[in-house]
Amino acid sequence: MKIYKLLSEEKRHARFSEWNVREIETLNKHLLITAKPIIYLINMSEKDYIRKKNKWLVKIKEWVDKNDPGASIIPFSGEYEMKLLDMPDDERAAYVEKSKVPSALGKIITTGYKALNLEYFFTCGKDEVKAWTITKGSKAPQAAGKIHTDFEKGFIMAEVQKYSDFRELGSEAEVKAAGKYRQQGRNYVVEDGDIIFFKFNAGEIGRA
């Protein structure tokens, strides 16, 4: 069997081979861990992380480049992250400025999302903002279905603004005034960071 030879004889990960659709369907049933994407997180002392030096970093990178070409390597410090986590916001900001090294958590999260082919969009109300995770390439109705299946079933349209536009212009009203607030139909492919207001037909709820 191809997978047995790959894992047992060649000692290679399942993700390093080419698979046709039928083979992928079979492999997915077994949830092979070697089929999963890998991100290498290098946990360092706070001192090494701040000075960006460690005697093992070069050797680790050489091993990854040889055994898993193109894989992401992210140095971080659990010690540093825990220290930041326990600080009040103002104290944390001052400590990061003094250290001149940001938290690595944001990079770890975004790199993980990309490796898993995921992205997120936002919905906003008067009192809260929520982020919803979807598979990259999802269309608007499928994204709406992440909130509630009724939203997908009765989907009418998605009113969309880009987070980058909202951040630059400062408000939804300014985004609309700039002509960057769009109405999108069911074939719209949601983009990472979209802010979306869904409209759906409540009359479709409960229908078979």
>> If I compare all heavy atoms of Gly185 with all of Ala140, which pair ends up nearest, and what's the gap?
In response: O-CB, 3.9 Å
> Is any side-chain N of the basic residue among Lys114 and Asp192 closer than 4.0 Å to the acidic one's carboxylate O?
Replying inline: no
> Hey, mind stepping through Arg15 and Asp68 against side-chain contact (heavy atoms from CB on, under 4.5 Å) and telling me if it holds?
Replying inline: CA-CA 10 Å; Arg15 62 197 173 92; Asp68 197 353; 2.5 Å; yes
> Excluding sequence neighbours, so at least two apart, what forms salt bridge (Lys or Arg N to Asp or Glu O under 4.0 Å) with Glu91?
Replying inline: none
> Val175 and Gln161: which non-hydrogen atoms are nearest, and at how many Å?
Replying inline: CG2-OE1, 3.5 Å
>> Do Tyr163 and Phe121 make a side-chain contact, defined as non-hydrogen atoms from C-beta onward lying under 4.5 Å apart?
In response: no
> Pairs in or reaching into residues 39-62: which pass ring-ring contact (aromatic ring centres under 6.0 Å, His included), with residues at least two apart or in two chains?
Replying inline: Tyr49-Tyr80
>> If hydrophobic clusters are built by linking Ile, Leu, Val, Met, Phe, Trp and Tyr wherever their side-chain heavy atoms come under 4.5 Å apart, do Val160 and Phe155 end up in the same one?
In response: yes
> Side-chain donor-acceptor pair under 3.5 Å between Tyr188 and Asp194, yes or no?
Replying inline: yes
>> Under the criterion side-chain contact (heavy atoms from CB on, under 4.5 Å), I'd like the reasoning laid out for Thr123 against Trp132: C-alpha separation, chi angles, the key distance, then a yes or no.
In response: CA-CA 8 Å; Thr123 56; Trp132 306 86; 2.8 Å; yes
> Looking at Val64, Ile60, Ile74, which hits side-chain contact (heavy atoms from CB on, under 4.5 Å) with Ile42?
Replying inline: Ile60
>> Please check this pair: side chain of Ser8 against backbone of Lys5, looking for a donor-acceptor N/O pair closer than 3.5 Å.
In response: no
>> If you compare all heavy atoms of Glu81 against all heavy atoms of Phe76, which two are closest, and at what distance to 0.1 Å?
In response: CG-CD1, 4.5 Å
> Under the ring pair (Phe, Tyr, Trp, His ring centres under 6.0 Å) test, which residues partner Phe166, sequence neighbours left out?
Replying inline: none
> Looking at Leu32 and Ala14, what are the two nearest heavy atoms and their distance?
Replying inline: CD1-CB, 4.4 Å
> Would a hydrophobic clustering, with Ile, Leu, Val, Met, Phe, Trp and Tyr connected at side-chain separations under 4.5 Å, put Ile147 with Val190?
Replying inline: yes
> Heavy atoms, side chains only, cut-off 4.5 Å: are Ser138 and Thr135 in contact?
Replying inline: yes
>> Assess whether a salt bridge exists between Asp48 and Arg51, defined as any Lys/Arg side-chain N lying under 4.0 Å from an Asp/Glu carboxylate O.
In response: yes
>> Suppose we screen for side chain to side chain contact (heavy atoms under 4.5 Å, CB included). Which residues come up paired with Ile24, at least two apart in sequence or across chains?
In response: Trp19, Asn28
>> Let me confirm one number: the CD1-OG distance from Ile50 to Ser99, rounded to the nearest 0.5 Å.
In response: 4.0 Å
>> Tell me if the CE atom of Met82 is crowded by more than 12 foreign heavy atoms within 6.0 Å.
In response: no
> Salt bridge check: are Arg182 and Glu159 linked by an N-O gap of less than 4.0 Å?
Replying inline: no
>> Does Lys2 have more than 12 heavy atoms from other residues, nucleotides or ligands lying within 6.0 Å of its NZ?
In response: yes
> Are Lys29 and Glu25 close enough for a salt bridge, meaning some N to O gap below 4.0 Å?
Replying inline: no
>> Is any side-chain heavy atom of Lys11 closer than 4.5 Å to one of Leu7?
In response: no
>> Let's go through Lys136 and Val189 carefully: what are the C-alpha distance in whole Å and the side-chain angles of both, what is the deciding distance for side-chain contact (heavy atoms from CB on, under 4.5 Å) to 0.1 Å, and is it a yes or a no?
In response: CA-CA 9 Å; Lys136 192 174 181 64; Val189 178; over 6 Å; no
> Does a side-chain heavy-atom distance below 4.5 Å link Glu174 with Glu172?
Replying inline: no
>> Just by distance, no angles: are the side chains of Ser45 and Glu79 close enough, under 3.5 Å, to form a donor-acceptor pair?
In response: no
> Would you say the side-chain atoms of Tyr113 and Glu119 include a donor-acceptor pair closer than 3.5 Å?
Replying inline: no
> Are Val101 and Leu84 connected, step by step, through hydrophobic side chains (Ile, Leu, Val, Met, Phe, Trp, Tyr) whose heavy atoms are closer than 4.5 Å?
Replying inline: yes
> Between Pro37 and Leu116, which heavy-atom pair has the shortest distance, and what is it?
Replying inline: CG-CD2, 4.0 Å
> Do the non-hydrogen side-chain atoms of Leu85 and Arg92 ever get within less than 4.5 Å of each other?
Replying inline: no
>> When you group the ILVMFWY residues by side-chain heavy-atom contacts below 4.5 Å and let the links chain together, are Trp63 and Ile38 in the same group?
In response: yes
> Honestly curious: do Ile134 and Tyr120 fall in one hydrophobic cluster under the side-chain, below-4.5 Å linking rule?
Replying inline: no
> Are any non-hydrogen side-chain atoms of Lys162 and Lys180 less than 4.5 angstrom apart?
Replying inline: no
>> Please evaluate residues Lys98 and Lys100 with respect to the criterion side-chain contact (heavy atoms from CB on, under 4.5 Å), reporting the C-alpha separation (whole Å), side-chain torsions for both, the decisive distance (0.1 Å), and the verdict.
In response: CA-CA 5 Å; Lys98 178 182 178 181; Lys100 301 188 185 305; over 6 Å; no
> Can you tell me how far CD1 of Ile196 sits from CD of Glu191, rounded to the nearest 0.5 angstrom?
Replying inline: 9.5 Å
>> Is the shortest side-chain heavy-atom distance between Lys61 and Ile73 below 4.5 Å?
In response: yes
> Does Val129 have any side chain to side chain contact (heavy atoms under 4.5 Å, CB included) partners at least two apart in sequence or in another chain, and if so, which?
Replying inline: Phe122, Cys124
> What's the shortest heavy-atom distance between Arg186 and Pro141, and which atoms?
Replying inline: O-CD, 3.2 Å
> Can you name the ring pair (Phe, Tyr, Trp, His ring centres under 6.0 Å) partners of Phe151, sequence neighbours left out?
Replying inline: Phe200
>> Would you compute the distance between atom NZ of Lys107 and atom CG of Leu41 and round it to the nearest 0.5 angstrom?
In response: 10.5 Å
